[in-house]
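Read the structure below first, then the notes.
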Amino acid sequence: MAESAPRTGVRAPVGVDTTRPSIARVYDYSLGGKDNYDVDRVAFEQVLEFAPRQGDVSRMNRRWLHRVVRYLAGPAGIDQFLDIGAGLPTVGNTHQIAQQENPEAKVVYVDNDPVCNAHGRVLLEQNENTHYVYGDILEEGTLLENKQIMQYLDPDRPVAILVCGLLHHLEDDLDPAGMMHEYVQRLSAGSYVAITNFWDPGDEDFQLHALAKQVERAFTEKGLGSGWYRTRDQQLKYFEGLELIPPGLAELEDWWPSGPPARIRLPEERVVIGGVGYKRHVAIRPTVISPRSEK
């Protein structure tokens, strides 16, 4: 049996350590970026042994993010975005998409990796409405109580939280569903939460289930030390307290596609799902006051 990879996870960012693979740098490599090292490339190549088109999954995730942000900044009217686990800058970043729809949209990127923060502040803070801040999705009270972040956002108005490709790097004992519930509770009505995650289809599709477990082992035992494929039921708990926008929690290319498919969907692309949840305004039932009877 291969020696288990060290657990990196969001609690222990690699930063400038070039002897361990970094989640952000491996993702950068999968997108064809240059901000990565041999150790990151080796980690991803081990995944490619079981999922040779995993790089297409990263690009699919970016396309999904772009469609979601266009919807939120456009028809949904959201002008505040919190991009958690933003990683290294790449092509088509959140603020560039949002501010095409609304030049006044505010975008705050957050990551707990100091290298991502250094690159992000230099390359992404292109205007007064775009900021890159150090923070951890797991910090006490959630990032919605982090003063460094909330100085740029109005908590009393709707916010869109983006958590793309991050929760599958949280092990079960960190309770990602419970953590997301804390975020939802703190959001104002009219807010949105967008999430993508590795997916274990289980008995929905036994062939894809086998692929998911193979790739999970490649991520957790040989490469990064994190990257768990979770079932639909497990992931639906992330949206507790929210109304899922149709088509619900679905394969990414099924969520408001830009057009007809150009090719048959790859097996690797089918074991990632995502959804967008809306926090509905609670209807307040008017109190009926009976008139006092005359004496």
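Here CG of Leu187 is found 5.5 Å from NZ of Lys279. Values are rounded to the nearest 0.5 Å. From Ile195, atom CD1 reaches atom CZ of Phe239 across 4.0 Å, with rounding to the nearest 0.5 Å. Annotation: the span from Tyr192 atom OH to Glu243 atom CD amounts to 9.0 Å, rounded to 0.5 Å. To the nearest 0.5 Å, atoms CG (Leu138) and CG (Leu174) are separated by 5.5 Å. One finds the CG atom of Leu143 at 11.0 Å from the CD atom of Glu182 (value rounded to the nearest 0.5 Å). Going from atom NE2 of His209 over to atom NZ of Lys213 covers 6.5 Å, rounded to the nearest 0.5 Å.
Salt bridge absent: Glu240 and Lys237 never bring a charged side-chain N and a carboxylate O closer than 4.0 Å. Electrostatic pairing of Arg157 and Asp79 counts as a salt bridge here, judged by a charged N lying under 4.0 Å from a carboxylate O. Taking 4.0 Å as the cut-off between side-chain N and carboxylate O, Arg25 and Asp28 do not count as a salt-bridged pair. Look at Glu253 and Arg270 and you find no salt bridge, because none of the NZ, NE, NH1 or NH2 atoms lies under 4.0 Å from a carboxylate O.
Across all their heavy atoms, Pro246 and Trp255 have their closest contact at O-NE1, 4.2 Å. Residues Asn146 and Tyr134 approach most closely at ND2-O, 4.2 Å, considering heavy atoms. Across all their heavy atoms, Ala98 and Phe81 have their closest contact at CB-CE1, 3.9 Å. Of all heavy-atom pairs between Pro75 and Arg70, the closest is CD-O, 3.7 Å. Scanning all heavy atoms of the two residues, the minimum distance from Phe219 to Gly227 falls at CB-O, 3.9 Å. When every heavy atom of Val276 is checked against every heavy atom of Ala194, the shortest pair comes out as CG2-CB, 4.1 Å.
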Would Arg230 and Asp200 satisfy side-chain contact (heavy atoms from CB on, under 4.5 Å), going step by step from the backbone distance to the final call? CA-CA 5 Å; Arg230 295 190 171 108; Asp200 176 4; 5.9 Å; no

Go through the steps to decide whether Asn117 and Arg121 satisfy the test side-chain contact (heavy atoms from CB on, under 4.5 Å), and finish with yes or no. CA-CA 6 Å; Asn117 276 263; Arg121 285 194 297 271; 3.4 Å; yes

Pair Gln99-Asn127, side chain to side chain donor-acceptor pair (under 3.5 Å): steps then yes or no: CA-CA 10 Å; Gln99 291 169 3; Asn127 55 59; 2.9 Å; yes

May I have the step-by-step check of side-chain contact (heavy atoms from CB on, under 4.5 Å) for Trp256 and Ile245, ending in yes or no? CA-CA 10 Å; Trp256 294 26; Ile245 303 297; 4.2 Å; yes

Go through the steps to decide whether Ile137 and Leu167 satisfy the test side-chain contact (heavy atoms from CB on, under 4.5 Å), and finish with yes or no. CA-CA 9 Å; Ile137 190 172; Leu167 297 182; 4.1 Å; yes

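With a 6.0 Å radius and a threshold of 12 heavy atoms from other residues, nucleotides or ligands, Lys106 has its NZ atom at or below the threshold. Atom CD of Gln151 sits in a crowded spot, with more than 12 heavy atoms from other residues, nucleotides or ligands closer than 6.0 Å.
Side-chain contact between Gln126 and Gln96 is present, with at least one heavy-atom pair separated by less than 4.5 Å. Within the 4.5 Å cutoff, the side chain of Ser22 has no heavy atoms near those of the Tyr37 side chain. In this structure, Arg232 and Leu249 have side chains that are in contact, with non-hydrogen atoms separated by less than 4.5 Å. The shortest side-chain heavy-atom distance between Thr142 and Gln185 does not fall under the 4.5 Å cut-off. No side-chain heavy atom of Arg217 sits under 4.5 Å from any side-chain heavy atom of Lys222. A heavy-atom distance below 4.5 Å is found between the side chains of Leu144 and Leu82. Residues Asp254 and Arg265 have side chains in contact (heavy-atom distance under 4.5 Å, counting atoms from C-beta outward). Annotation: side chain of Glu269 is not in contact with side chain of Leu252 (no heavy-atom distance under 4.5 Å).
No donor-acceptor pair closer than 3.5 Å links the side chain of Glu171 to the backbone N or O of Ser226. His131 places no side-chain N or O within donor-acceptor distance of the main-chain N or O of Tyr152, the cut-off being under 3.5 Å. In this structure, the side chain of Thr196 does not engage the main chain of Cys164 through any donor-acceptor pair within 3.5 Å. The main-chain N or O of Pro155 is never found under 3.5 Å from a side-chain atom of Arg186 such that the two would form a donor-acceptor pair. Side-chain atoms of Gln80 come within 3.5 Å of backbone atoms of Pro158 as a donor-acceptor pair (strictly under, hydrogens ignored).
Other cluster members for Leu123: Val122, joined by side-chain heavy-atom distances under 4.5 Å among Ile, Leu, Val, Met, Phe, Trp and Tyr.
Put simply, Tyr27 and Ile273 are part of two different groups of oily side chains (I, L, V, M, F, W, Y) that touch within less than 4.5 Å, one to the next. Cluster annotation: Leu31 and Leu124 are assigned to distinct hydrophobic clusters (Ile/Leu/Val/Met/Phe/Trp/Tyr, side-chain heavy-atom contacts under 4.5 Å, transitive). Tracing side-chain contacts under 4.5 Å through hydrophobic residues (I, L, V, M, F, W, Y), one never reaches Phe198 starting from Leu266; they form parts of separate clusters.
When only modelled atom types and interatomic distance are considered, Tyr109 and His95 share a side-chain donor-acceptor pair under 3.5 Å.
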Would you give me the side-chain donor-acceptor pairs under 3.5 Å for residues 42-56, sequence neighbours excluded?
residue : atom : partner : partner atom : Å
Glu45   : OE2  : Tyr29   : OH           : 2.9
Arg53   : NE   : Asp56   : OD1          : 2.8

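Residues meeting the side-chain hydrogen bond (donor to acceptor under 3.5 Å, both in side chains) test with Asp35, sequence neighbours left out: none.
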